[in-house]
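Report on the structure given below.
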Amino acid sequence: LWLEKHQKQLSGVGLLIDDDIAAIIIAGEAPISYKLFVSYLGLLLLNRLNKLLSVVWVSTPKLGAILSSAGCKTELLKPLPPSPETVSRALDKLDFPAQVDDSDESLRIVYHATVTHYEGHKFLRPVMESVLTRHPNVSFEVFGRGKSKRLWMTSNINTKQLEYKAILPWNKYLDYCRENPADIALAPLFNSDVDNARSDTKRIDIARLGAAAVFSEGSIYARCRQMDEFLLPNHPPLWEKSIEELVIDAAVRHKHAEATRKSVLQMRDNAQSEFPGITHSCR
């Protein structure tokens with residue numbers, strides 16, 4: 001490892017963990033190929049890395065409790081969104097008229113998922129089948145692979161309204177979001193070991209898109225919740241109703257997009273200005 005060769009030149013080595021790795025491997029919905037990949041990184045390499053670590057950071061208190069129960073001492077490192085100027089520019093790029101004629105305005109809804117979000121795909125399929133049937137002016141973009149792709153390819157959605165994309169590497173995904181703003185973004189979560197340990201960083205992606213959001217209710221997205229945000233039980237009719245409210249009224253979309261932008265600014269205010277365990281500013 002590079003770290004082994006240069007350890008004496010470093011003031012410390014920190015490892016950030018932002019997923020419940022054991023839950024992904026044991027109980028998660030990810031494909032076996034991904035579980036093997038995570039097992040290699042999270043178990044084999046971690047054993048080698050352990051002796052070099054000065055600190056282990058976790059993104060949520062839940063993750064800290066999980067690792068502490070396994071005898072691992074951790075420090076909480078809350079997600080730090082980009083600068084306020086970056087978040088604001090995402091909204092400044094978009095044009096929000098006071099009211100939209102639903103029959104004429106072309107809108108884009110997105111669900112940007114990873115291989116660990118198959119439950120989200122299953123939940124959203126009937127919701128989006130219903131919404132897109134009633135609103136032919138709306139297109140739906142979904143990220144995923146494997147069985148999630150088969151799920152959408154066999155749906156009753158008009159192929160002209162559905163765009164399925166392969167999951168992108170992080171740097172390419174970042175560029176993609178900056179260059180391809182969306183109108184509405186969907187962020188369902190579920191009561192599972194994997195989801196319960198997540199942070200609310202999906203808010204940052206949605207703010208970068210300049211989109212209005214629909215979130216699942218619960219402690220994850222309640223952390224920095226703003227008044228004008230949809231945090232809903234995972235009940236399909238409620239999601240259909242809220243998505244349609246955003247589809248037909250641009251003023252409502254703008255209000256919700258602005259609320260998510262404010263929530264990301266609150267996330268930044270709540271984040272630490274130092275890396276716990278290593279004295280170095282991260283702002």
Side-chain angles (χ1 to χ4, degrees), residues 18-20 23-24 27-29 58-66 76 78-79 81 87 109-114 116-132 140 142-144 148 151 182-249 251-271:
D18 63 352
D19 279 309
D20 186 342
I24 290 175
E29 56 201 22
V58 291
S59 57
T60 67
K62 176 71 173 178
L63 266 178
I66 291 169
L76 179 64
K78 297 178 181 178
V87 177
I109 301 175
V110 301
Y111 177 49
H112 290 173
T114 69
T116 63
H117 291 88
Y118 185 63
E119 284 299 316
H121 291 283
K122 289 198 299 183
F123 173 76
L124 288 175
R125 174 176 151 166
V127 172
M128 294 310 301
E129 284 177 335
S130 179
V131 170
L132 294 172
F140 182 53
V142 58
F143 277 37
S148 63
L151 188 76
D183 298 289
I184 301 166
L186 309 179
L189 285 179
F190 302 89
N191 184 24
S192 68
D193 290 340
V194 175
D195 279 0
N196 289 339
R198 295 189 191 277
S199 68
D200 51 347
T201 50
K202 180 53 69 175
R203 287 184 178 280
I204 304 172
D205 296 334
I206 293 174
R208 189 180 292 113
L209 287 163
V214 183
F215 300 105
S216 288
E217 70 175 3
S219 61
I220 308 301
Y221 291 122
R223 288 174 188 150
C224 294
R225 181 179 187 172
Q226 303 295 304
M227 183 178 299
D228 293 318
E229 285 188 309
F230 283 137
L231 268 70
L232 305 177
N234 290 331
H235 184 49
L238 287 178
W239 280 67
E240 288 181 30
K241 179 178 181 295
S242 299
I243 292 169
E244 286 199 290
E245 186 176 343
L246 295 172
V247 164
I248 65 176
D249 195 327
V252 174
R253 286 201 306 279
H254 190 188
K255 181 172 66 174
H256 281 255
E258 176 66 18
T260 295
R261 184 190 71 86
K262 289 179 179 177
S263 75
V264 171
L265 298 181
Q266 183 179 327
M267 287 175 65
R268 186 173 176 84
D269 289 340
N270 292 346

Once rounded to the nearest 0.5 Å, what's the spacing between atom SG of Cys224 and atom CG of Asp269? 9.0 Å
Hey, could you give me the CG/NE2 distance between Asp249 and His256, rounded to the nearest 0.5 Å? 9.5 Å
Measure the shortest side-chain to side-chain distance between Val252 and Leu246 over non-hydrogen atoms and say whether it is less than 4.5 angstrom. yes
Measuring only between side-chain heavy atoms, which start at C-beta, is Pro126 closer than 4.5 Å to Pro236? no
Hey, what do you get for CZ (Arg198) to OG (Ser59), rounding to the nearest 0.5 Å? 10.5 Å
Strictly below 4.0 Å, N to O, side chains only: are Lys241 and Glu244 in salt-bridge contact? no
Atom NE2 of His254 and atom CZ of Arg261: how far apart are they, to the nearest 0.5 Å? 8.5 Å
In sequence, state the C-alpha distance, the side-chain angles, and the governing distance for Ile109 and Asp183, and then conclude on side chain to side chain contact (heavy atoms under 4.5 Å, CB included). CA-CA 6 Å; Ile109 301 175; Asp183 298 289; 6.0 Å; no
Using atom types as modelled, flag every donor-acceptor pair under 3.5 Å from a side chain in residues 209-220 to any protein atom, sequence neighbours excluded.
{"residue": "Ser216", "atom": "OG", "partner": "Leu189", "partner atom": "N", "Å": "2.8"}
{"residue": "Ser216", "atom": "OG", "partner": "Leu189", "partner atom": "O", "Å": "3.2"}
{"residue": "Ser216", "atom": "OG", "partner": "Asn234", "partner atom": "OD1", "Å": "2.7"}

For the student: nearest non-hydrogen atoms of Ala197 and Leu63, plus distance: O-CG, 3.8 Å
Minimum heavy-atom distance Pro81-Arg268, with the two atoms named: O-NH1, 2.7 Å
Consider ring-ring contact (aromatic ring centres under 6.0 Å, His included). Of Tyr111, Phe190, Tyr118, which one does Phe123 pass it with? Phe190
For the residue pair Glu258 and Gln226, confirm or rule out a side-chain donor-acceptor distance under 3.5 Å. no
Minimum heavy-atom distance Ile243-Ile184, with the two atoms named: O-CD1, 4.2 Å
Step by step, would you call Glu119 with Ser192 a side chain to side chain contact (heavy atoms under 4.5 Å, CB included)? CA-CA 10 Å; Glu119 284 299 316; Ser192 68; over 6 Å; no
Ignoring hydrogens, what is the shortest heavy-atom contact between Asp228 and Ala259? Give both atom names and the distance. O-CB, 3.1 Å
Is a side-chain donor or acceptor of Lys202 paired with a backbone partner of His112 at a separation under 3.5 angstrom? yes
Taking atom NZ of Lys62 and atom CG of Asp193, what is their separation to the nearest 0.5 Å? 7.5 Å
Rounded to the nearest 0.5 angstrom, the OG1-CG distance for Thr116 and Asp195 is 7.0 Å
Check for a donor-acceptor pair, side chain of Thr260 on one end and backbone N or O of Ala207 on the other, with a separation under 3.5 Å. no
Side chain to side chain contact (heavy atoms under 4.5 Å, CB included) evaluation trace for Leu124 with Trp239: CA-CA 9 Å; Leu124 288 175; Trp239 280 67; 4.1 Å; yes
Please answer whether the main-chain N or O of Leu151 pairs with a side-chain N or O of Arg125 as donor and acceptor at a distance below 3.5 Å. yes
Please report the shortest heavy-atom distance between His121 and Ser148, naming the atom on each side. CD2-CB, 3.4 Å
Which heavy atom of Val247 sits nearest to which heavy atom of Arg253, and what is that distance? O-NH1, 3.1 Å
Between Arg203 and Val264, is there a donor-acceptor pair closer than 3.5 Å when you use the side chain of the first and the backbone of the second? no
